[in-house]
2 protein chains.
Amino acid sequence: MPRIRHTTLTCSPGCTVEATLELFGGKWKALILYHLFEDGVLRFGEFRRRMPNVTQRMLTNQLRELEADGLISRTVFPEVPPRVEYELTDLGKTLKPVIQALKKWGDRYAHALQGRETGT
Amino acid sequence: MPRIRHTTLTCSPGCTVEATLELFGGKWKALILYHLFEDGVLRFGEFRRRMPNVTQRMLTNQLRELEADGLISRTVFPEVPPRVEYELTDLGKTLKPVIQALKKWGDRYAHALQGRETGT
DNA sequence: CCGTATCCGCTGAGATACTG
DNA sequence: CAGTATCTCAGCGGATACGG
């Protein structure tokens, strides 16, 4: 099935802002990337422990999309029991300033989020 | 109607990343903010011209959410014909580094978005 | 000009059960 | 351990029409 994402054409200045956000704007993608920046390499189960309220299905889904977008890599080790490791690609690593900016803002202005809750 | 946004409680490190993204993770919010950083003050119709593929309903919707989150202000001038101006609040202005980071990344790595289209 | 109201399709996302 | 497969449903978001 083709990876088509809702939208049309026509680009104007500011388009790249939107385009960038589409890349990791998925519900859990920023969080996945954040943990990868923290830990370097993570296995599926380690993600699950770090993000308890993400369902298995969603986690798989988001990981696959990030992989398809070339931001993370997925390495399967043919062992028993199976092992799969995820890490940032070179392209993925370039997102560091963006994630950092998000984190920095959130840390400083978390109080502005009163009344809103976020799962992690 | 209450402004409740899907999620639960429990915060861990990295939570603020997610929380921040929820603030302007709406489909057009980053773009709205971007244009406000560019132009300072914008009227409803000016937004529409800058973002032709956003429906009127969605634009209103996203503007209201940004307003409810305290990121932008909405000023109604009691004239005929009516005039409404939107601009960033002080809190909204603090998002500048984040939007800038998004824009910068998008400009540099837009080629990685091949096959994906984004409307503006 | 700046919106609201209504109808409705699509898909994002949870719960649960099963596989190599 | 690291996933698929199905079922299900709410709500995001588009189209269209109307109101102050």
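Chain letters run A, B, ... following the sequence lines, proteins first and then strands; every chain starts at 1. Values below: every heavy atom of this structure, side chains too, minus hydrogens, waters and symmetry copies.
Salt-bridge check for A/Arg83 with A/Glu85: passed, with a basic side-chain N closer than 4.0 Å to an acidic carboxylate O.
Rounded to whole Å, the distance from CZ on A/Arg64 to P on C/dG12 is 17 Å. If you take CE of B/Met58 and C1' of C/dT6, they are 14 Å apart, rounded to a whole angstrom. The CH2 atom of A/Trp28 sits 9 Å away from the P atom of C/dA13 (whole-angstrom rounding). Distance, B/Glu18 CD to C/dA13 P: 10 Å, rounded to whole Å. A straight line from CG of B/Leu59 to C1' of C/dG3 spans 10 Å, rounded to a whole angstrom. Whole-Å rounding puts the B/Asn61 CG to D/dG14 C1' distance at 12 Å. Rounding to whole angstrom units, CD of residue A/Glu22 and P of D/dG13 are separated by 11 Å. Per the geometry, CZ belonging to A/Phe44 stands 11 Å off C1' belonging to D/dT4, to the nearest Å.
Out of C/dC2, D/dG13, D/dT4, the shortest distance to the side chain of A/Gln56 is found at D/dT4. Residue B/Gln62 has its side chain nearest to D/dG13 when only C/dG3, D/dG13, C/dA13 are considered. For B/Arg43, whose side chain is taken as the heavy atoms from C-beta onward, the closest listed nucleotide among C/dC1, D/dT6, D/dG13 is C/dC1. Looking at the side chain of A/Thr60, the nearest of the listed nucleotides D/dG14, C/dG14, D/dG3 is D/dG3. Checked against C/dG14, C/dT4, D/dT4, the side chain of A/Lys27 finds its nearest nucleotide in C/dG14.
A donor-acceptor contact shorter than 3.5 Å links the side chain of A/Thr89 to the backbone of A/Gly70. Looking only at distances, no side-chain donor or acceptor of A/Arg108 sits under 3.5 Å from a matching main-chain atom of A/Lys104. The backbone N or O of B/Trp28 lies less than 3.5 Å from a partner atom in the side chain of B/Gln62, making a donor-acceptor pair.
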Is there a side chain to side chain contact (heavy atoms under 4.5 Å, CB included) between A/Leu59 and A/Leu63 once you walk through the steps?
CA-CA 6 Å; A/Leu59 182 54; A/Leu63 285 169; 3.9 Å; yes
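Legend: residues meeting salt bridge (charged side-chain N to carboxylate O under 4.0 Å, His left out) with A/Glu38, ordered by chain and number and at least two apart, are absent.
Between A/Phe47 and A/Tyr86, the ring planes lie perpendicular to each other; the angle is over 60°, past the 30° to 60° tilted range.
Following chains of ILVMFWY side-chain contacts shorter than 4.5 Å, one can reach B/Leu42 starting from B/Val76, so the two form part of one hydrophobic cluster. No single ILVMFWY cluster, assembled from side-chain heavy atoms under 4.5 Å apart, contains both B/Ile72 and B/Phe77. B/Val41 and B/Leu31 are assigned to two separate hydrophobic clusters, defined by single-linkage of ILVMFWY side chains at heavy-atom distances under 4.5 Å.
Taking only distance into account, the side chain of B/Arg57 meets the base of D/dG14 through a donor-acceptor pair shorter than 3.5 Å.
The terminal axes of the helix from C/dC1-D/dG20 to C/dG20-D/dC1, fitted over 5 pairs per end, subtend an angle of 50° to the nearest 10°.
Using a 4.0 Å heavy-atom cutoff across all strands shown, B/Tyr86 reaches sugar-phosphate atoms only and no base atom.
At the phosphate of C/dG14, OP1 or OP2 sits under 4.0 Å from a side-chain N or O atom of A/Thr55.
For DNA chain C, the residues of residues 72-84 of chain A within the heavy-atom distance limit of 4.0 Å (strictly under) are A/Pro82, sorted by number.
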